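All ligand and atom numbering here is 1-based and tracks the order in the structure. We count residues from 1, following the sequence as given. Source: prediction; values computed, not measured.
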Amino acid sequence: MSPPLYPLFFFFLLLLLSPSFSAFLAPVRQDQKTSLYTLSVYLKTPLQPTNLFLDLGASFSWVDCTQNYTSTTYHSIPCNSSLCNSLDKLACSNCFDAPGPGCSNDSCALFPENSATRKVLLAQALVDTLALPLTDGRNPGRLGLVREFVLSCSKTPLLKGFPKGTTGLAGLGRSNFSLPAQLSSIYSIPYVFALCLSGSPSAPGVAFFGTGGPYYFLPEIDLSKSLIYTPLILNPVGSTLITYYLHPSDEYFIGVTSIKVNGKALELNQTLLTVDQNGSGGTKISTVAPYTVLHASVYKALTEAFVNESAALNLTVTDPVKPFSVCYSAEDVLETRMGPAVPTVDLVMQSEDVFWRIFGANSMVRIARKEVDVWCLGFVDGGAKARASIVLGGHQMVDNLVQFDVGSRRLGFSSSVLAHSTTCANFNFTANNNLDL
Ligand SMILES: *[C@@H]1O[C@H](CO)[C@@H](O)[C@H](O)[C@H]1NC(C)=O
Ligand SMILES: *[C@@H]1O[C@H](CO)[C@@H](O)[C@H](O)[C@H]1NC(C)=O
Ligand SMILES: *[C@@H]1O[C@H](CO)[C@@H](O)[C@H](O)[C@H]1NC(C)=O
Ligand SMILES: *[C@@H]1O[C@H](CO)[C@@H](O)[C@H](O)[C@H]1NC(C)=O
Ligand SMILES: *[C@@H]1O[C@H](CO)[C@@H](O)[C@H](O)[C@H]1NC(C)=O
Ligand SMILES: *[C@@H]1O[C@H](CO)[C@@H](O)[C@H](O)[C@H]1NC(C)=O
Ligand SMILES: *[C@@H]1O[C@H](CO)[C@@H](O)[C@H](O)[C@H]1NC(C)=O
Ligand SMILES: *[C@@H]1O[C@H](CO)[C@@H](O)[C@H](O)[C@H]1NC(C)=O
Ligand SMILES: *[C@@H]1O[C@H](CO)[C@@H](O)[C@H](O)[C@H]1NC(C)=O
């Protein structure tokens with residue numbers, strides 16, 4: 001090799017030795033009172049830690065702008081701008097009664113919605129700085145900035161029903177302006193994110209953005225290796241309060257084709273399991289539901305089969321505890337590594353060998369208060385008019401890795417990571433300052 005090439009050679013060697021990762025993470029905590037989840041980010045300039053209610057189905061994020069919004073980097077979005085035109089859920093408005101930082105006449109507006117109470121506002125859209133820790137999938141590193149993050153302003157009453165300490169909502173839906181979508185377009189990283197919800201009140205779970213893996217959990221287990229995939233299904237009709245002509249839903253739907261209890265398929269009305277042209281039916285994944293909500297006929301079939309199968313384990317139902325209807329005395333139930341020993345519930349997808357297995361740790365809820373100590377089947381009856389027939393909720397996702405690969409239109413799921421001898425609370429949040437990110 002001729003001498004002039006040496007510097008170039010070392011330059012490439014360095015590139016090889018220090019891969020540059022542009023993936024992000026955020027801690028995810030469960031609120032004990034509401035059982036809902038909170039995502040922690042940094043917002044504004046100077047950066048301020050901000051807790052947002054995690055909403056998988058929301059199209060964009062919003063914050064309460066009426067309390068103390070101080071930042072040196074915000075600006076509103078002029079109504080006539082290309083950015084405003086690309087926000088397809090838009091309206092233009094004058095500076096109405098919300099004196100927020102985004103308030104200026106002729107500015108672009110959005111409709112922030114509280115998906116827990118189903119309330120909506122018209123409010124100014126806003127641009128400000130957001131930051132999240134970069135990650136190599138093993139630890140957090142330094143913060144990565146998103147300088148022109150688009151969100152919406154809102155007012156304090158819209159926070160009603162959210163976990164205490166939250167000042168807004170993190171929208172993770174399949175839109176062009178959700179948090180993962182903006183990270184993806186600004187950093188040119190894949191539109192994919194993964195959630196691992198923790199069931200521990202003291203140790204948070206984690207969300208990864210912009211990377212399909214690895215996702216390391218102590219002791220050195222890469223959970224991306226245990227994912228199996230099913231297509232994400234487009235629901236042609238959104239369910240938000242403000243619906244837009246021909247705008248499909250930004251929520252995540254998957255194709256559950258049958259449900260099995262201890263391996264035996266329930267007899268279900270197949271029509272209910274498919275999304276129809278009006279957007280009804282099918283299976284949605286939602287962090288707004290603390291427990292999975294089932295259409296009345298699916299609920300009836302599941303509970304009957306579950307009671308039947310657990311009778312074979314000598315389990316006899318006891319008095320129900322609301323909102324649940326099938327409960328067993330805790331002293332009758334054996335506990336295993338996978339939670340209480342009860343029949344398994346499988347959500348079968350596109351083929352018999354692609355199923356999400358729900359073990360006792362995710363199917364059952366322990367209720368211990370004075371005079372009562374029971375394990376209840378943690379599914380609730382959504383009635384005969386339920387829009388989605390299955391709304392897979394937070395409790396069923398705890399200690400499961402769930403990957404939303406929007407770019408490839410597929411969902412990856414691990415089933416319980418307890419089977420891999422780890423938990424979602426086992427991510428190592430100690431910052432690694434030696435990471436060359
Ligand atoms: C506004 O911010 C200041 C400084 O950060 C803080 O001391 C004050 O309590 C905040 N007020 C409200 C209502 O949040
Ligand atoms: C919008 O922009 C166009 C071209 O820049 C300009 O001619 C028009 O007056 C603007 N409209 C408003 C309402 O500002
Ligand atoms: C906004 O427009 C209203 C009239 O529509 C006017 O009274 C008000 O002064 C304007 N505000 C600003 C900040 O330009
Ligand atoms: C989202 O962005 C893509 C690429 O920029 C674009 O093709 C698509 O039309 C946008 N979707 C909506 C709903 O605006
Ligand atoms: C199945 O569900 C659909 C949609 O709710 C309903 O119209 C139909 O009558 C049901 N079929 C049976 C056999 O119950
Ligand atoms: C969709 O809604 C329309 C109008 O409400 C109704 O006539 C039609 O039967 C519905 N289609 C399905 C598949 O439910
Ligand atoms: C419950 O078990 C009995 C007897 O094993 C059987 O006849 C019945 O069909 C079962 N019902 C359900 C809903 O699985
Ligand atoms: C259920 O109880 C009966 C009678 O006590 C016993 O013979 C049987 O082994 C038990 N079955 C299981 C699965 O524990
Ligand atoms: C967590 O990560 C830090 C930083 O890389 C490392 O020093 C520490 O040993 C890790 N903890 C465990 C339990 O592996």
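Two residues are said to be in side-chain contact when any heavy atoms from C-beta on lie closer than 4.5 Å; Phe427 and Thr135 meet this criterion.
Protein heavy atom in closest approach to atom 3 (C) of ligand 9: Asn428 ND2, 3.6 Å. Considering only non-hydrogen protein atoms, atom 11 (N) of ligand 5 sits nearest to Asn269 ND2, 2.8 Å. Ranking the protein heavy atoms by distance from atom 14 (O) of ligand 9 puts Leu218 CD2, 3.6 Å first.
Side-chain atoms of Asp250 and Ser59 include a donor-acceptor pair closer than 3.5 Å.
In terms of polar-atom proximity, defined here as any N/O pair under 3.5 Å, Asn176 does make such a contact with ligand 4. Where the criterion is an N or O separation shorter than 3.5 Å, residue side chain and backbone included, Asn139 meets it with respect to ligand 9.
Checked options Tyr42, Phe209, Tyr187, Phe193; the residue passing with Phe24 is Tyr187 (criterion: ring-ring contact (aromatic ring centres under 6.0 Å, His included)).
Distance screen at 4.0 Å: atom 9 (O) of ligand 5 has no protein heavy-atom neighbour inside the cut-off. Within a 4.0 Å radius of atom 5 (O) of ligand 5, the protein contributes one or more non-hydrogen atoms.
Here the two cysteines Cys79 and Cys84 have their SG atoms 2.5 angstrom or farther apart.
Lys260 and Glu309 are not joined by a salt bridge, as no carboxylate oxygen comes within less than 4.0 angstrom of a charged side-chain nitrogen. Taking 4.0 Å as the cut-off between side-chain N and carboxylate O, Asp128 and Lys44 do not count as a salt-bridged pair.
For ligand 9, the atoms sitting less than 4.0 Å from at least one non-hydrogen atom of Asn432 are 5 (O), numbered in the order shown with element in parentheses.
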